[in-house]
Amino acid sequence: MVVGDIVGMTGPKTSSSPAIHLKGVTKHYAQRGQDEDLKIIDGLDLSFRPGELVTIVGPSGCGKSTILKMIDGLTPLTSGSISFEPSSPKPRIGFVFQDYSNALAPWKTVQKNVEFGLEIEGVASRTERAEAAAHYIEMVGLQGFENSYPRELSGGMQQRVQLARVLAFEPDVLLMDEPFGSLDAQIRRVMQEEIRRILESLDRTVLFVTHDIEESLYLGDRTVVLDHRPARVLTDFEQGERTSSYEDFVASDEFRTRYNEVWSLLQHRGNQP
């Protein structure tokens, strides 16, 4: 399915973001030719408060993406539970994937790509779809490119289109799975600045998965550090509000202290982010 970023869009629009609770969450996979299952996640307890931006960092293969997919309902749990508070109405969930190229319809313009998901959702009025798309295209900084096709855009711009399409649904929960992992360093830095600006203007519960410690510290109101599989929480800490630029932040004592703490913890556990 081309429109991968709207797979998890379920439930009517709610007025506020929900809290998310994971209790005893376990995910095991059967291994061919092996007697024991592969334990990706084993008895994980985590809660996320309404409206907070949480970055989840850990080594490759530790279950970060699996957690997002289970919250979205794309991957079933082996055991445990995931609940939302309030539980009714069911929250709308938007998912931004790392592979932006497969998330966009190459035969549609930027405007039509953003409108496409709204059309699937049943927003019948062309005027409403066009106005919503225009608003979020401007929000992600793509005004002037409404009539461009994905192949005519850079990787960072394509990722902005995917983000605009997700935001157009006004989801209550936004899941972001290493959305900048495929971008080069310069574009990635620009996108980090942009996503921080955009998310600060929205009242949404956001879970942002990354393997980059620096990115997790810069973007998150709170950072959860996971051990190698089966995933468990190594540390979970709040971060103060940041008003400094990226350059000033990474040069600060606060950043260096936190970075060294997380790096040392992962290294001590034999993990490579």
Checklist entry - Taking everything shown except Glu152 itself, do over 12 heavy atoms lie less than 6.0 Å from its CD? => result yes
Item to check | Residue among Gln186, Gln192, Glu193 satisfying side-chain hydrogen bond (donor to acceptor under 3.5 Å, both in side chains) with Arg189 | outcome: Gln192
Checklist entry - Side chains of Asp72 and Val173: does their closest heavy-atom pair fall under 4.5 Å? => result no
Next on the checklist: Between Glu200 and Arg196, does any NZ, NE, NH1 or NH2 come within less than 4.0 Å of an OD or OE carboxylate oxygen?
Outcome noted: yes
Next on the checklist: According to salt bridge (charged side-chain N to carboxylate O under 4.0 Å, His left out), who are the partners of Arg49, at least two apart in sequence or on a separate chain?
Outcome noted: Glu52, Glu238
Checklist entry - How long is the span from the CG atom in Leu153 to the CZ atom in Phe145, to the nearest 0.5 Å? => result 7.0 Å
Checklist entry - Checking side-chain hydrogen bond (donor to acceptor under 3.5 Å, both in side chains) against Gln239, which of Thr223, Thr55, Asp221 comes through? => result Thr223
Checklist entry - Hey, mind stepping through Asp253 and Arg256 against salt bridge (charged side-chain N to carboxylate O under 4.0 Å, His left out) and telling me if it holds? => result CA-CA 5 Å; Asp253 291 339; Arg256 288 195 296 269; 2.3 Å; yes
Checklist entry - So Phe48 and Ile56, side-chain contact (heavy atoms from CB on, under 4.5 Å) or not? Walk me through it. => result CA-CA 11 Å; Phe48 306 105; Ile56 303 174; 4.3 Å; yes
Next on the checklist: What verdict does the side-chain contact (heavy atoms from CB on, under 4.5 Å) test give for Leu219 and Val206, after you've listed the backbone C-alpha separation in whole Å, the side-chain angles of each residue and the deciding distance to 0.1 Å?
Outcome noted: CA-CA 11 Å; Leu219 294 178; Val206 181; over 6 Å; no
Checklist entry - Within a strict 4.5 Å, meaning less than it, do heavy atoms of the Met176 and Leu163 side chains meet? => result yes
Next on the checklist: Has Asn113 got a side-chain atom pairing as donor or acceptor with Ala105's backbone, closer than 3.5 angstrom?
Outcome noted: yes
Next on the checklist: With heavy-atom distances below 4.5 Å as the criterion, would you say the side chains of Leu44 and Val233 are in contact?
Outcome noted: yes
Checklist entry - With under 30° as parallel and over 60° as perpendicular, where do the rings of Tyr259 and Trp263 fit, or are they tilted in between? => result parallel
Next on the checklist: Taking the cut-offs as 6.0 angstrom to the six-membered ring centre and 45 degrees off its axis, would you call Arg92 and Phe169 a cation-pi pair?
Outcome noted: no
Checklist entry - Got Val262 and Phe237 here, is their nearest side-chain heavy-atom distance under 4.5 Å? => result yes
Item to check | Polar side-chain atom of Arg204 near backbone of Pro171 as donor-acceptor pair, under 3.5 Å | outcome: yes
Checklist entry - Okay, side chain of Ser201, backbone of Ile198: is any donor-acceptor separation there less than 3.5 Å? => result yes
Item to check | Min side-chain heavy-atom separation Met157-Leu142 under 4.5 Å | outcome: yes
Checklist entry - Within the side chain of Thr205, is there an N or O that forms a donor-acceptor pair under 3.5 Å with the backbone of Gly51? => result yes
Next on the checklist: Checking the side chain of Lys23 only, and the main-chain atoms of Ser47 only, is there a donor and an acceptor separated by less than 3.5 Å?
Outcome noted: no
Return a table of donor-acceptor pairs under 3.5 angstrom between the side chains of residues 74-84 and protein atoms on other chains or two or more places apart.
from, atom 1, to, atom 2, distance (Å)
Thr78, OG1, His28, N, 2.8
Ser79, OG, Thr26, OG1, 3.4

Item to check | Audit row: Phe180, Ile195, side-chain contact (heavy atoms from CB on, under 4.5 Å) steps and yes/no | outcome: CA-CA 10 Å; Phe180 310 144; Ile195 198 65; 3.8 Å; yes
Item to check | Partner residues of Lys112 under the salt bridge (charged side-chain N to carboxylate O under 4.0 Å, His left out) criterion, sequence neighbours left out | outcome: Glu115
Item to check | Flag side-chain contact, heavy atom, 4.5 Å: Leu266 against Ile213 | outcome: yes
Checklist entry - Between CZ of Arg151 and CD of Gln158, what distance do you get to the nearest 0.5 Å? => result 11.0 Å
Next on the checklist: Under a 3.5 Å distance rule, please check whether Gln159 uses its side chain to pair with a backbone N or O of Phe97 as donor and acceptor.
Outcome noted: yes
Checklist entry - Does the pair Asp236 and Arg222 meet the rule for a salt bridge (charged side-chain N to carboxylate O under 4.0 Å, His left out), with working shown? => result CA-CA 7 Å; Asp236 181 348; Arg222 171 184 162 203; 2.8 Å; yes
Next on the checklist: I'd like to check Val114 versus Val161 (side-chain heavy atoms, cut-off strictly below 4.5 Å). Are they in contact?
Outcome noted: yes
Checklist entry - Of the non-hydrogen atoms in Thr109 and Asn147, which two are nearest, and what is the gap between them? => result CG2-O, 3.6 Å
Next on the checklist: Counting only heavy atoms from other residues, nucleotides and ligands, does the tally under 6.0 Å from NZ of Lys108 exceed 12?
Outcome noted: yes
Checklist entry - Do Leu202 and Met139 come close enough that some side-chain heavy atom pair is under 4.5 Å? => result yes
